[in-house]
Structures are given as C-alpha cells and as structure tokens.
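To start, the structure under review is shown below, and the notes come after it.
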Amino acid sequence: MKLRPYQQESVDKALDFVKLGRESSGIIALPTGSGKTLVIAEIIKQSPEARILIVSHVSEILHQNKRAIESHTNMPVALYSAGAGFYQVSQITVCGVQSAYRRPGLFFDFDIVIIDECHMVSTGEGTMYQTLIREIMPCTIIGLTATPFRLKDGLIYGHDAFFKEMICQWTQKNRFQSLIDDGYLCKLTTKRTKMEMDVSDIKLTAGDFNEKQLADRFDRDGVTKAAIAEIVAAGKNRNRWLIFAIDIDHADHIAQYLISNRIPTAVVHSKMESYGFDREKVIRDIKDGKYKCVVNVNILSVGFDYPDIDLIAMLRPTQSPTRHIQALGRGCRISSGKTNCLGLDFAGNTARLGAINDPVIKDKSKKG
C-alpha cells in the first residue's frame, strides 16, 4: 500500500528521530482516521534490523496493529497480551501495557518502543506505562495520537513532559483542514440541538464533570426522549449512528428508546460480558451492519475503526478535550457514499472545548 504524503512525512521524520540515538522520546500527531497504523507499519518496514515493541492499552488496537504490520511488512509479529491469551516475544512484538508492565524484564532489549494512543501515558509515578518504560530504558520512544494533550496536564510534550518533542504534527487547524480538503478525511459538521444539557452547577471530580451528578440530572425519561426524537429525525438519511452515554444505565435507557423506535441498536460498555454479551462478537456484528446505532460508554472513543459512521450524538458532557476530540474523531474516516458526518452535541462539548481541529487546551503555565 502506497503511503499518503502526510504519512510519508511522518515516517521520514520518525526515522530521522530514531537516528538521533537512544533515550529520546517524541510524538507523531495524526487525526483519527488518517492511518496511524500504516505509519507504524512503515517505520518497522524501514527498520529491518531493529527490535521494536508496539504498546497499547486497547485490545482492538493490539489486533489491528498486528494484522496491519504483518500485511504491510511480511514480517512475523508476536503478541503479548493476557487478555488475548498470547505470551509471545520476538523481534517485532505487539503488547498490552496491562500485561507487559508486570514482566518488564521480557522487554529490556528493544531498540524502539512505539506507544499507540500515547495520550494515555500518565505523568504519575508507578503507573503501568511509567513502570514499563522505566524498566526497559534505554530506548527510543515514539508515541502516536490524535490528541497530544491531557485533561490535567495540557500538552503532553515539552521539556518537563514525558515526551520531549513533537516529531510530526498534523492535528493543527490548517493541516487538519488540508487532509479534509484533499479527501483523506471526512468533513464533520455540527448542528446545535434543541435539547441542551445544562451543566452549569455540576461539580467537577478529578477535573471532569461528576458522573453521578450527570446521571442524576440527565438520565431521565424526558431528557432521553427529547434527545432520541432529534436523533431519529436528523438520522433519517444517515447510515450508521454512534451515541456516547454517561454510564451503563444511561446507555441502556437510550437503547430502549431507540429500539422502541424500531432502530436496531447495540450497547457497548465495560460490563457487557457480565450481561451475557461477547464484546468482540457484538463489535463484529456492528461492523457487519447488523445495527444502525451503537450506544457506548467510554469504550468506542479509542480504537474503534468503523468508517460508515456518519452521525455522532454526544449525550455525555465532559471537560476533557481528549475525550471530546477522540469521540468526534470516530466519524472522520472516509467511506464510499459518505459525504460528511453529522455531530449532534447535546452535551455542549464543542462550545466548551472547541472544534475537532481547534480544541481548547489547558495552559500548564497558568494556575487556576
């Protein structure tokens, strides 16, 4: 597969970064849907002698990376993940951080560590990523993300950050827009909704809106019924819908209203297995077109590759620009017959946090 120009630029700059030597760390910022996995695969293809570890926290991403790397490079790729039931380590290894940090000695001799969705790397000591990286240094670390910032920390790169520099940046407003203009990403259009979620007196917990207060305020029949009526009307000529809910009960109630409106709907959340549902099978069914709508709770905002999504409804208010941008990014992938993706922001996140290509990022230099 031939790389797009911005992908090639990302690869070239990454390879130049590797040449700087060990114990360096930097970020490649690419919007959701722009093909980060192919960039990872090409970096590996252009580094045939290097031992490379690819780390992520999402099982879907692990399998996507493994398949893409093997297909693009014709090189065998090992998988180390307790969740997947594999404990393999070789020259090219894809691993889940939840498993790898427990046995860091297995990964001490890798030359390059690539962290997919690197905004998940916390600055706190003793976290899984920090524990793993501390034990396997020295190595060159390259992070990839569509959101190079965190709720509390602001930008995740710089002199005092874990990642020291930006290797290649394509998420700024002008460059992001150029990817849309060139047909590499789908245009996202937002529409103000009639029903709006007023969060003016919702308290903050760890920097974001208190989930229990959100649920108490907005998981109500009148609110949900009004939102669903707007979604159904706006989605009449839309192909696939994705809805973000506050918590599991909220997602279930949203799904009940959709199903009562004869909209085939699936629910995805962290406890679906305990309800008797196989998450991987449900996601396969979603991608096979069994459902018109998917309601999820903080699961499908990262690693969910489904280009057919052309309507996103936000029913989960947030103060996190990362959560906001990652959610909207699910609609940015191009697909045959898809001209744009409609965003229905009942939560007011866009007004509060900015557009997908121009988010409001916390300035760490300013207190309060």
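Index from 1, following the sequence.
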* Please confirm whether the backbone N or O of Asp198 pairs with a side-chain atom of Glu196, one donor and one acceptor, at under 3.5 Å? => no
* **Centroid separation Phe107 to Tyr80 less than 6.0 Å** => yes
* To the nearest 0.5 angstrom, please state how far the CD1 atom of Ile115 sits from the CG atom of Leu132. => 7.5 Å
* Structure fact -> Rounded to the nearest 0.5 Å, the SG atom of Cys293 sits from the CG atom of Asn261 at a distance of 11.0 Å
* **Ile27 reachable from Ile141 in the ILVMFWY side-chain graph, under 4.5 Å edges** => yes
* To do: Report the C-alpha distance between Phe162 and Ile133 in whole Å, list the side-chain angles of each, state the deciding distance to 0.1 Å, and finish with yes or no for side-chain contact (heavy atoms from CB on, under 4.5 Å).
  => CA-CA 10 Å; Phe162 177 81; Ile133 297 300; 3.8 Å; yes
* Asked: Quick one: does Tyr6's side chain have a donor or acceptor within less than 3.5 Å of a partner on Trp170's backbone?
  -> no
* Asked: Does a side-chain heavy-atom distance below 4.5 Å link Val18 with Ser47?
  -> no
* Does Asp278 come within less than 4.0 Å of Lys281, counting only side-chain N to carboxylate O? -> no
* Straight-line distance of Arg330 CZ to Leu188 CG, nearest 0.5 Å -> 12.0 Å
* To do: Quick one: pull up OG1 in Thr318 and CG in Asp208 and give me the separation to the nearest 0.5 Å.
  => 3.5 Å
* Asked: Is atom OH of Tyr306 surrounded by more than 12 heavy atoms (other residues, nucleotides or ligands) closer than 6.0 Å?
  -> yes
* Could I get the full list of salt bridge (Lys or Arg N to Asp or Glu O under 4.0 Å) partners for Lys292, not counting sequence neighbours? => none
* Structure fact -> Separation between CZ (Phe346) and CE (Met195), nearest 0.5 Å, reads 5.5 Å
* Asked: Does some side-chain heavy atom of Val282 sit less than 4.5 Å from a side-chain heavy atom of Lys290?
  -> no
* To do: Would you sort out whether Lys225 and Tyr257 count as a side-chain contact (heavy atoms from CB on, under 4.5 Å), showing the intermediate values?
  => CA-CA 7 Å; Lys225 186 176 181 180; Tyr257 271 102; 3.9 Å; yes
* Stepwise side-chain contact (heavy atoms from CB on, under 4.5 Å) check, Phe304 with Val268 -> CA-CA 11 Å; Phe304 183 53; Val268 177; over 6 Å; no
* Steps toward side-chain contact (heavy atoms from CB on, under 4.5 Å) verdict (Val55, Tyr101) -> CA-CA 10 Å; Val55 193; Tyr101 94 101; over 6 Å; no
* Asked: Does His253 use its side chain to pair, donor to acceptor, with the backbone of Asp249 at less than 3.5 Å?
  -> yes
* Structure fact -> Output for pair (Ile325 CD1, Arg323 CZ), nearest 0.5 Å, gives 13.5 Å
